[in-house]
Amino acid sequence: MYQRREITTQERLQQEQYCQRVRALIAHRPHYALVDTYGCQQNESDSEILRGWLVQCGYELTGSEEKADLIAVNTCAVREHAEKRVLGNVGALAHNKAKNPELLVCVGGCMTQQETMRERIRRSYRVVDLVFGPHELWQFPQLLLETMERRGRRGAKSRLIAAAPSEGVVAEGLPRQRDNQVKAWLSIMNGCDNFCSYCIVPYVRGRERSRRPEDVLAEARELIRLGYKDITLLGQNVNSYGKGLEEDTDFPALLAALDAIPGDYVLRFMTSHPKDATEKLFRVMAESEHCAHHIHLPLQSGSDRILRQMNRRYDRAGYLEKVAAARAAMPDLVLTTDIIVGFPGETEADFADTLSLVEQVGYDAMFTFIYSPRTGTPAAAMPDPVSRAEKQVWFDRLVQTANRISAEKHAAYVGRTVRVLVDGATGQEPYDLSSRTKGGRLVHLAGDPALVGQFLDVKITDSTTWALYGQIE
Ligand code: SF4
């Protein structure tokens, strides 16, 4: 049974004391740490906390495996082939350890929340010193200290395999080392209650729990004060924000409260489950000063039969109604989506339904995947008679359609003047700046790197399937 477990200030302060003890152990010379992140934005956000802890523990951050005294791998469990890649990379760290026996290898993230995976690491990846789960991020300093103290012991006692199931954790005030000065992640909730039949997330990230609105607002105010210009609210399903909180609130209310913070910034969010996207949300977005008119609304399939098999809890007609309502509220809406091709039992007719819906909606961009089974999910046990080769043919047709539509959408920008936020210097002539429209479209520009972090009016001069090209006005 899920129980919300709020980490107390005292518990957090105790972790800072563990940081002091780790600091003392490594004080004799500079120590370097590298954090390697796989998977989604939530994981990138978690890695910022991991780096925050490591800095508090006295480590300097590095991008070099050779230089690192500690390598932390923040893993993703969404796709099986990604897990294999992670394990391959972790196994290869044995070479680094042979050269530097003091190297500490820590593996965290969603993969470790699966018991079979922990066992596999325990048995076959002796290079790993510490395994910790996503729910234990708040107590990483304690786990790290214990791992250090275990070194030199014999056999199983020399390593720490944690990742205990404690899925209701909500932790505030953790240190964070952000890796960008313009864009910031702002996690508003964790976990998922939806149990889509192909997805492992609810099993590894636990049940949905929201941060309190006052904590989210305080973090947003601080980000704006620090000069961040592009803030993305994160959650597996942001549209069900607020469930289980004492306060009577919801995602549109949170968005409206965030929008009221003064400043020149853009608010984005991801991801939205279509079943929970409401007209109230579209209205708040339309009326908001800061919110990007962009929704990432994962469709997954255009076939009602497959949507039922996926346990998505909306149908084609309902999805199209939401799209129409969102576009009525925001005529300039940028709409993006995710689609899975070749779900177990999918037929040519089901795929044709997906293709026709894609044509009907006309997405600005699509993220397309061939279904890959996840052990432990209901879909992995469903009969799947269609060959990989056939799925690949469907996939290629879908990608062709997606690319054609994206190219058409992008071409329609040419000649227009749009406001963009310059978010990076690429160093690649002639377009040495990257920027985004409020709707999230990538615009390449020529200009001074000092413009990074500024909003500019830009005339769009050219376009491709993937990006726009512009001139500063
Ligand atoms: S909404 Fe569905 S796909 Fe998204 S995280 Fe939850 S279970 Fe997974």
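By convention here, the first residue in the shown sequence is residue 1. Note that these values count all heavy atoms, side chains included, but never hydrogens, waters or copies made by symmetry. Indexing begins at 1, ligand by ligand and atom by atom, following the structure's order.
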Practice task
Specify whether His290 and Tyr265 have parallel, tilted or perpendicular ring planes, treating 30° as the upper limit for parallel and 60° as the lower limit for perpendicular.
Solution key: parallel

Problem - Trp394 ring center near Phe351 ring center (under 6.0 Å) - result: yes

Fill in the blank from the handout: Residues at least two apart in sequence or cross-chain that pass salt bridge (charged side-chain N to carboxylate O under 4.0 Å, His left out) with Glu80, listed by chain then number, are Arg374

Problem - ring-ring contact (aromatic ring centres under 6.0 Å, His included) involving Tyr198 - partner list, sequence neighbours excluded - result: none

Fill in the blank from the handout: Taken in chain and number order and not counting sequence neighbours, the residues that satisfy salt bridge (charged side-chain N to carboxylate O under 4.0 Å, His left out) with Asp250 are Lys280

Problem - Aromatic centroids of Phe367 and His296 separated by under 6.0 Å - result: yes

Exercise for the section: Check each protein residue for a heavy atom under 4.0 Å from ligand 1 and list those that pass, ordered by chain and number. Expected result: Cys192, Asn194, Phe195, Cys196, Tyr198, Cys199, Val201, Pro202, Gln236, His273, Arg312

